[in-house]
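Throughout, protein chains are lettered first and strands after them, A, B, ... in sequence-line order, and every chain is numbered starting at 1. Please read these numbers as outputs of a predicted model, since none were measured by experiment.
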There are 2 protein chains.
Amino acid sequence: MSDVPKQRETGQEFDLEGFLPYLLNQAAEATSRSFQASYKAEYGMTRTQWRVLANLGKFGAMTARDICRISHIEKTKVSRAVAALEAEGLLQRATSPEDRRAEILSLTDGGRRVFRDLGQRALAYDAELRKRLGDGVATQIDAVLRSIAAQGDPDVTPGDD
Amino acid sequence: MSDVPKQRETGQEFDLEGFLPYLLNQAAEATSRSFQASYKAEYGMTRTQWRVLANLGKFGAMTARDICRISHIEKTKVSRAVAALEAEGLLQRATSPEDRRAEILSLTDGGRRVFRDLGQRALAYDAELRKRLGDGVATQIDAVLRSIAAQGDPDVTPGDD
DNA sequence: TTGACTTGGTTGCAGATGCAACTAATACTG
DNA sequence: CAGTATTAGTTGCATCTGCAACCAAGTCAA
């Protein structure tokens with residue numbers, strides 16, 4: 001950690017604008033932010049809430065823990081998002097019969113309705129974005145991003161979303 | 001805003017895992033987080049602080065406003081990061097002679113030292129990541145991400161980092 | 001010069017987050 | 001079955017962030 005293998009200062013200089021974490025963040029923020037308007041303005045939802053809802057909408061009922069695993073969102077965040085969504089009547093909890101610690105989460109009818117609405121918007125937004133990027137890129141980008149997300153750093157704790 | 005053009009529910013279903021904002025966030029968080037250890041553990045710096053420092057290190061003295069323009073980080077965030085970095089003795093301010101509202105920011109020797117150190121680590125981290133991605137991808141990804149960051153959404157406010 | 005408007009930066013405040021500590025239910029192990 | 005270690009979720013607390021309101025210096029125009 002502290003034994004940087006004697007890099008000559010004259011080696012190469014750091015270029016912020018070519019630094020992947022930086023570029024990824026810029027791109028991620030730009031897109032998330034612009035789509036954010038959809039769930040924030042109309043439903044007063046948080047990014048995390050939208051994601052939790054999206055996961056439940058997409059994969060069906062499951063526990064908070066499953067959501068953490070699938071989405072890599074930290075459990076605290078999920079916990080609070082679930083509480084908020086429940087308060088809004090968008091999702092329900094049911095103690096798992098097999099493990100009374102776990103709660104099976106599922107969307108209510110209202111939740112599903114919101115999911116359908118936002119899902120359609122997301123689809124439209126995504127399509128538009130990909131169209132601008134061009135087919136060639138659009139088809140490759142997913143795999144690349146998934147790969148980066150997975151590798152990020154091999155030897156580091158799970159982290160969150 | 002509320003006139004979703006009659007999308008048949010039966011059209012196509014929303015696939016969270018193919019949603020660019022989602023994928024980008026996963027990738028961005030994964031990389032940023034893992035690199036975060038470098039500046040957080042050793043220098044107790046924040047992501048924003050690291051970015052401000054990186055910008056100053058890379059582009060030299062400039063005003064907070066310039067940093068906002070270049071990095072798209074929101075001005076409040078920059079303001080606080082600058083205050084923190086100054087408190088740590090990593091940067092200095094000097095009232096601009098031409099415009100006394102503006103402050104020319106520049107790294108101190110200590111700041112430059114930290115920049116060199118973190119810059120080298122960033123370089124190493126980035127190189128490793130790109131190596132794993134493979135040359136083909138690595139050379140294209142930058143342009144794509146920049147394009148996404150720029151387009152994100154054409155008609156939306158500047159936003160932040 | 002005066003008064004209205006813009007611009008560089010800071011601050012107040014209400015959220016949103018991360019991390020560690022904590023509760024409750026389970027799973028092991030002898 | 002007791003006793004300890006795990007695991008699902010929640011909560012306290014100390015930041016970090018976003019947005020709007022707010023100064024102070026500048027600009028512009030009458």
Side-chain angles (χ1 to χ4, degrees), chain A residues 25 28-30 32-34 36-37 39-41 44-52 61-88 91-105 156-161, chain B residues 25 28-30 32-34 36-37 39-41 44-52 61-88 91-105 156-161:
Chain A
N25 262 291
E29 276 305 311
S32 289
R33 271 203 164 252
S34 88
Q36 177 181 54
Y39 53 76
K40 187 175 183 183
M45 285 172 57
T46 261
R47 195 130 109 207
T48 306
Q49 283 166 238
W50 147 242
R51 286 193 189 164
V52 167
M62 59 182 159
T63 73
R65 179 157 172 279
D66 293 330
I67 296 181
C68 290
R69 295 236 171 126
I70 294 178
S71 65
H72 294 148
I73 301 179
E74 212 235 351
K75 64 181 191 169
T76 318
K77 251 159 118 176
V78 171
S79 173
R80 291 196 249 245
V82 165
L85 290 171
E86 183 186 34
E88 288 296 320
L91 117 194
Q92 1 177 250
R93 316 187 195 210
T95 305
S96 164
E98 296 138 14
D99 184 340
R100 278 182 308 181
R101 284 173 303 183
E103 294 178 325
I104 312 283
L105 307 170
V156 100
T157 97
D160 83 314
D161 96 308
Chain B
N25 262 292
E29 276 305 310
S32 288
R33 268 199 168 254
S34 88
Q36 177 181 52
Y39 53 76
K40 186 173 184 184
M45 286 172 55
T46 260
R47 193 131 110 206
T48 306
Q49 283 165 239
W50 147 243
R51 286 194 189 164
V52 167
M62 59 181 158
T63 72
R65 179 158 172 279
D66 293 330
I67 296 181
C68 291
R69 295 236 169 126
I70 294 178
S71 66
H72 293 146
I73 301 178
E74 212 235 351
K75 65 182 193 171
T76 318
K77 248 159 121 177
V78 171
S79 174
R80 291 195 249 244
V82 166
L85 290 172
E86 183 185 34
E88 287 296 319
L91 73 70
Q92 359 174 255
R93 317 187 193 211
T95 305
S96 164
E98 297 139 12
D99 184 340
R100 278 183 308 180
R101 283 172 305 182
E103 296 178 323
I104 312 282
L105 308 170
V156 100
T157 95
D160 81 315
D161 93 308

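Between the CD atom of A/E98 and the C1' atom of D/dA8 there is a distance of 14 Å, rounded to whole Å. Atom pair B/E74:CD and D/dC16:P shows a separation of 16 Å (rounding to whole Å applied). The nearest whole Å value for the distance from the NZ atom in A/K40 to the P atom in D/dT17 is 15 Å. Regarding A/H72, its NE2 atom lies at a distance of 18 Å from the P atom of C/dT17, rounded to whole Å. Whole-Å rounding puts the A/E29 CD to D/dC16 P distance at 17 Å. Rounded to whole Å, atom P of C/dG18 lies 9 Å from atom CZ of B/R47. In this entry the distance linking CD1 of A/I73 with C1' of D/dT10 reads 17 Å, nearest Å.
Shown here are the side chain to side chain donor-acceptor pair (under 3.5 Å) partners of A/Q36, two or more places apart in sequence or in another chain: there are none. Looking at residues two or more places apart in sequence or on another chain, you find no side chain to side chain donor-acceptor pair (under 3.5 Å) involving A/R100.
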Might you list the N or O atoms of the protein lying below 3.5 Å from N or O atoms in nucleotides 9-13 of chain C, with each pair's distance?
from   : atom 1 : to     : atom 2 : distance (Å)
C/dG9  : OP1    : B/E103 : N      : 2.8
C/dG9  : OP1    : B/E103 : O      : 3.3
C/dG9  : OP2    : B/A64  : N      : 3.4
C/dG9  : OP2    : B/R65  : N      : 2.7
C/dG9  : N7     : B/K75  : NZ     : 2.9
C/dG9  : O6     : B/K75  : NZ     : 3.0
C/dT10 : OP1    : B/R93  : NH1    : 2.4
C/dT10 : OP2    : B/S79  : OG     : 2.6
C/dT10 : O5'    : B/S79  : OG     : 3.4
C/dG12 : O6     : B/R80  : NH2    : 3.2

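When heavy atoms are screened at a 4.0 angstrom cut-off, B/T46 is found touching the sugar-phosphate backbone but no base atom.
B/R93 has its side chain within reach of B/E86: a pair of non-hydrogen atoms, C-beta onward, lies under 4.5 Å apart.
Note on B/R100: a side-chain N or O is less than 4.0 Å away from OP1 or OP2 of D/dG26.
Shortest non-hydrogen contact noted between B/K75 and B/C68 is CA-SG, 3.5 Å. Minimum interatomic distance between B/L105 and B/A64 (heavy atoms only, all atoms of both residues): CD1-N, 3.7 Å.
Ion pairing of A/E29 with A/R47 is present here, as a side-chain N (NZ or NE/NH1/NH2) and a carboxylate O approach within less than 4.0 Å.
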